[in-house]
Amino acid sequence: MSSRIKIFDTTLRDGEQSPGCSMNLQEKLEVAAQLEKLNVDIIEAGFAIASPGDFESVSEIAKVVKNATVASLCRAVEQDIDRAYEAVKHAVHPRIHIFLATSPIHMKYKLKMSEDEVLERTGQAVAYAKKYCNDIEFSAEDASRSDKAFLAKVFSRAIANGATVINVPDTVGYSSPEEMAAYISYVKNNTDGIEKAEISVHCHNDLGLAVSNTLASIKAGATQAECTINGIGERAGNTSLEEVVMNLRTRKDYYNVDCGIDSRQIYHSSKLIQTITGVPVAPSKAIVGDNAFAHEAGIHQHGVLAERTTYEIMSPQDIGIPQNKMVLGKHSGRHALVDRLTELGYSLNQQEIDDTFARFKILADKKKVVSDSDLDALVAMKLEPANQHYKLDNFVINSGSKITATATISLKVDNEIIEKVSGGDGPVDAAYKAIDSIIDKKIQLDDYSIRAVTEGEDALGEVIVKLSMDDKKTVGRGVSTDIIEASILAYLNGVNKL
Ligand code: KIV
Ligand code: ZN
């Protein structure tokens, strides 16, 4: 009989810690709702004590998530544990996730604690958290560089004091698959009370082995895998959820393990994270990259046409890649649009349907056929703050190889139209300078990228900008068939968020 592995998603905590991946409250709620659709078992919503913003997002997520367990990370100190519980206490299934390092290097240089002190602190922290809730995860940070016998002692102490999950992190991505498997087997065979606890694994990708290390750990007996969508996370990232899940599914014959993930939500989840963070995945990325199901070589194409399984071990439908079954165009009505969006996995409220339909009509006037990818882009625009302070009213651009580019921009600001003209180094720079002079703030453009959402001359262009102002950073996104308009919309989207 196959066993069931739990999928612990830490996109909103470890994932959000990766450079350029920070999300605001509205975006985190959107991600949490998608993680529920994906059917993950545990959502690590944040590190409650890290900032008031982190606390608020853990707490708001805890209030709305229905099925998954909601966890907050905390250090092994009372004040952190209090804050973590305060944030998750409204969850249907709350979890407190305590971590404390166990490797000689971390204990000596970071914690300045002896083995005995770490053991003592583990017991105290878990017992303290247990007063609040039953579900307690204990992580031995840098476990994969810890002494195995000491690690098992620490885990025994954690379980004796009430830990229900013990986690073996490869914090610095140092391990090999065989070594990770050996750690899991050792812990399984040498930890007192282990039959009462889940064994979790949490890997980082510094040497490109996070997924392999996680799979080897599962094979060795881990019953919970910690992952992030698209593998985002500290430094080189965490274990990619979609890769682990599709390995387990595609190679069920080898792993003999099931998980509860609805794999048809994978593509959608990946796109959502790319849209929100502005961090695209590489075209060659396994499972969700643009080329993951593209067959270029003639011999492969021929094989796939004759029999799909000659060169395809998974089907695009398995991960929910849109199949473009129905063509939408300017004559399509609201019903057809809503039907298609539902098939694509969206559940929009009435206001969002009205907004998306209005944008769809404008786009359908410009394009003959509106594809599923276009629809993804249109729906993603709903992530813009509802009450935008600055709205684009009009723009005129003058540009050429022998003249200085100028932009005339008019924005609607609190029902007043304000117009400014500015020159610049190209049309986008001129437009951004004109916007800066209207809003009268110094915004720094840290990054700008543009891509076509679909193929063809009438493709939608998507612009992603990364902006900063003082110590705040944000991502802005704009979509249009006109790339200058997309650039302006992306900038305004970011400015409104800031
Ligand atoms: O990488 C790590 O060790 C962690 C722990 C806090 C679980 O993220
Ligand atoms: Zn981590």
Side-chain angles (χ1 to χ4, degrees), residues 6-19 21-22 40-50 54 58 69-77 80-81 83-84 87-88 95-107 109-111 118 121-122 125-126 129 135-146 150-151 154-155 158 163-175 179-180 183-184 187 197-211 213-214 217 222-241 244:
K6 292 200 169 134
I7 300 293
F8 175 115
D9 181 275
T10 183
T11 306
L12 293 169
R13 199 276 297 169
D14 219 329
E16 212 234 358
Q17 275 171 232
S18 61
C21 284
S22 54
V40 303
D41 297 284
I42 301 105
I43 297 174
E44 184 161 58
F47 191 172
I49 201 155
D54 269 55
V58 179
T69 295
V70 179
S72 171
L73 186 67
C74 56
R75 289 166 297 187
V77 291
D80 272 42
I81 297 170
R83 201 79 178 130
V88 295
R95 174 179 291 185
I96 297 176
H97 179 189
I98 303 169
F99 74 100
L100 184 62
T102 50
S103 65
I105 189 164
H106 274 233
M107 288 189 292
Y109 295 105
K110 189 181 82 173
L111 298 176
V118 166
R121 176 77 69 82
T122 300
V126 174
D135 191 349
I136 309 292
E137 173 164 340
F138 177 81
S139 283
E141 193 187 14
D142 208 17
S144 58
R145 292 193 297 170
S146 304
F150 177 60
L151 190 61
V154 172
F155 285 149
T164 43
V165 184
I166 52 105
N167 183 28
V168 184
D170 183 26
T171 302
V172 289
Y174 177 76
S175 195
E179 286 169 314
M180 270 320 271
Y183 266 96
I184 300 293
V187 165
E198 302 273 359
I199 304 179
S200 177
V201 60
H202 174 114
C203 298
H204 280 267
N205 205 30
D206 300 65
L207 291 171
L209 289 174
V211 170
N213 286 343
T214 300
S217 304
T223 55
Q224 173 179 291
E226 305 202 351
C227 322
T228 61
I229 307 289
N230 297 339
I232 63 170
E234 281 273 358
R235 308 180 308 278
N238 286 63
T239 301
S240 133
L241 180 146
V244 167

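When a ligand or atom number is given, it counts from 1 through the structure's own listing order. We use all heavy atoms of the structure for the numbers below, so side chains are in, but hydrogens, waters and symmetry mates are not. None of these values were measured; they are calculated from a predicted model. We're numbering straight along the sequence, starting at 1.
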Donor-acceptor contact present, side-chain [X] to main-chain [Y], <3.5 Å:
X: Thr10; Y: Asp14; result: yes
X: Asn205; Y: Gly231; result: no
X: Ser103; Y: Ser146; result: no

(request) Identify, by name, the N, O or S atom of Asp14 lying closest to the Zn ion (ligand 2). (result) OD2

(message) For Phe150, is the CZ atom crowded, meaning more than 12 foreign heavy atoms sit under 6.0 Å from it?
(response) yes

(request) Please say whether more than 12 non-hydrogen atoms of neighbouring residues, nucleotides or ligands are located less than 6.0 Å from CZ in Arg75. (result) no

(request) Pick one of side chain, backbone, both or neither for how Asp14 approaches ligand 1, counting any non-hydrogen atom pair under 4.0 Å. (result) side chain

Protein residue, atom and distance nearest to [atom], heavy-atom basis:
atom: atom 3 (O) of ligand 1; result: Thr171 OG1, 2.6 Å
atom: atom 1 (O) of ligand 1; result: His204 NE2, 3.0 Å
atom: atom 4 (C) of ligand 1; result: His202 NE2, 3.5 Å
atom: atom 7 (C) of ligand 1; result: Ser139 OG, 3.7 Å

(request) State whether Glu226 contributes an N/O/S atom found under 2.8 Å from the Zn ion (ligand 2). (result) no

(message) Let me confirm one number: the CG-CD distance from Asn167 to Gln224, rounded to the nearest 0.5 Å.
(response) 6.5 Å

(request) Ignoring hydrogens, just give me the one of His97, Arg235, Arg13, Glu141 whose non-hydrogen atom is nearest atom 8 (O) of ligand 1. (result) Arg13

